[in-house]
Every structure is written in C-alpha cells, then in structure tokens.
Amino acid sequence: QVQLVESGGGLVQAGDSLRLSCAASVRTLSTYIMGWFRQAPGKEREFVAAISRSGTTTQYQDSVKGRFTISRDNAKNMLYLQMNSLKPEDTAVYYCAASTRAVVLNTAPAYVYWGQGTQTTVSS
C-alpha cells in the first residue's frame, strides 16, 4: 500500500509561484512512475504532468508547458510540482498519483495510488 500526502497549496495572485510537494510512504519511490493531476469545480480530473521512475522523462499538459516543472527526489521519497506564472484557470485541487505501468502515461486510470489533494486558488 502506498500513501501519498500533498502539501504546498494555497491562495495566490495571478503571476505568483507555488511549489507543491507530495510525500510518499513507500520503501522505494523509484518503483513508481509519478504524476500530478488537478480537478477544478464542476470539471473532470485532468492530467498536469508526469515523470519517469528515474526522472529523466517528463510529460506535461500543453497549458502548463513552460510554466510548471515536475521533479522527484527518490532518496527522500518526494515528488514536486513547481508552478510559475500562475493563472486563474490553474485554480483546482491538485493530486499526486503513482503508477506501476511500464511507461509514462497521462490518463488517470493508469495511476493506482492517489493522495487526498491540495487546494490551489489563483486570484486575478
């Protein structure tokens, strides 16, 4: 069983930055491909970013490319999402997730473990 706990969300203004963290209670985080998803009120959960087990491969949703950076520290069992130039449309609950698939995927069903989420609100 993998437990994931997100932190770092908050209320910020457009243009600000936030760094989300996800602490994983696992023996070896490098066993899992990791991802970030988000869900805005009234909308479906959507893919934000994902990172391979070693951290050498990343994938992003088009709307966050160049603004968000996903990273991981396997020695600390931590996943991060650096979010810069935040926009009101980035407002959502952000979830970290772990996948046992062979390759990095951007679909929610590919991820078997999920955190409880952290709220990020960007005001205009």
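Val93 and Met34 are assigned to two separate hydrophobic clusters, defined by single-linkage of ILVMFWY side chains at heavy-atom distances under 4.5 Å. Residues Leu79 and Phe47 fall into different hydrophobic clusters, defined by Ile, Leu, Val, Met, Phe, Trp and Tyr side chains chained together at heavy-atom separations under 4.5 Å. Residues Leu105 and Phe68 fall into different hydrophobic clusters, defined by Ile, Leu, Val, Met, Phe, Trp and Tyr side chains chained together at heavy-atom separations under 4.5 Å. Hydrophobic cluster membership is shared by Tyr94 and Val12, with clusters built from Ile, Leu, Val, Met, Phe, Trp and Tyr side chains linked at under 4.5 angstrom. When the side chains of ILVMFWY residues are joined at heavy-atom separations under 4.5 Å, either directly or via intervening members, Tyr80 and Leu29 end up in two distinct hydrophobic clusters.
Taken to the nearest 0.5 Å, the OG atom of Ser30 stands 11.0 Å off from the CG atom of Asp73. Residue Ser99 holds its OG atom at 7.0 Å from CZ of Arg53, rounded to the nearest 0.5 Å. In this structure, the separation between CE on Met83 and OG on Ser17 is 9.0 Å, given to the nearest 0.5 Å. To the nearest 0.5 Å, atoms CZ (Arg72) and OG1 (Thr58) are separated by 12.0 Å. Taken from CG in Asp16 to CG in Asn84, the straight-line distance is 10.0 Å, to the nearest 0.5 Å. For the atom pair CG (Leu81) and SG (Cys22), the distance works out to 10.5 Å, reported to the nearest 0.5 Å.
Using a 4.5 Å cut-off on side-chain heavy atoms (C-beta onward), Gln59 and Ile33 make no contact.
Remark: the backbone N or O of Gly8 is not paired with any side-chain donor or acceptor of Ser21 at under 3.5 angstrom. The closest donor-acceptor contact from the side chain of Arg67 to the backbone of Ser85 lies under 3.5 Å.
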Exercise for review: Apply the test side chain to side chain contact (heavy atoms under 4.5 Å, CB included) to residues Gln119 and Thr91: give CA-CA distance (whole Å), side-chain angles for both, the deciding distance (0.1 Å), then the verdict.
Suggested key: CA-CA 8 Å; Gln119 175 71 47; Thr91 295; 4.0 Å; yes

Review point. Hey, mind stepping through Arg45 and Trp114 against side chain to side chain contact (heavy atoms under 4.5 Å, CB included) and telling me if it holds?
Key: CA-CA 12 Å; Arg45 191 170 298 189; Trp114 293 83; 3.2 Å; yes

Point to revise | From CA spacing to verdict: side chain to side chain contact (heavy atoms under 4.5 Å, CB included), Tyr60, Thr69 | key: CA-CA 8 Å; Tyr60 296 93; Thr69 302; 3.8 Å; yes

Exercise for review: May I have the step-by-step check of ring pair (Phe, Tyr, Trp, His ring centres under 6.0 Å) for Phe37 and Tyr111, ending in yes or no?
Suggested key: CA-CA 10 Å; Phe37 289 75; Tyr111 294 77; 5.1 Å; yes

Point to revise | From CA spacing to verdict: side chain to side chain contact (heavy atoms under 4.5 Å, CB included), Ser7, Thr118 | key: CA-CA 6 Å; Ser7 61; Thr118 183; 5.7 Å; no

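Within a 6.0 Å radius of CD in Gln3, other residues, nucleotides and ligands contribute 12 heavy atoms or fewer. Other residues, nucleotides and ligands contribute only 12 or fewer heavy atoms inside 6.0 Å of the CD atom of Gln116.
Checked for salt-bridge contact, Asp62 and Lys65 meet the test: a charged N lies under 4.0 Å from a carboxylate O.
Closest of all the heavy-atom pairs between Pro88 and Ser123 is CG-C, 4.5 Å. A pairwise comparison of heavy atoms in Gly117 and Glu6 identifies N-OE1, 2.8 Å as the closest pair. Nearest heavy atom pair, residue Ala97 against residue Leu4, reads CA-CD1, 3.8 Å. Nearest heavy-atom pair across Val26 and Tyr32 is CG1-CE1, 4.0 Å. Of all heavy-atom pairs between Leu20 and Thr120, the closest is CD2-OG1, 3.9 Å. Residues Ala14 and Ser124 come closest through the heavy atom pair CB-CA, 4.4 Å.
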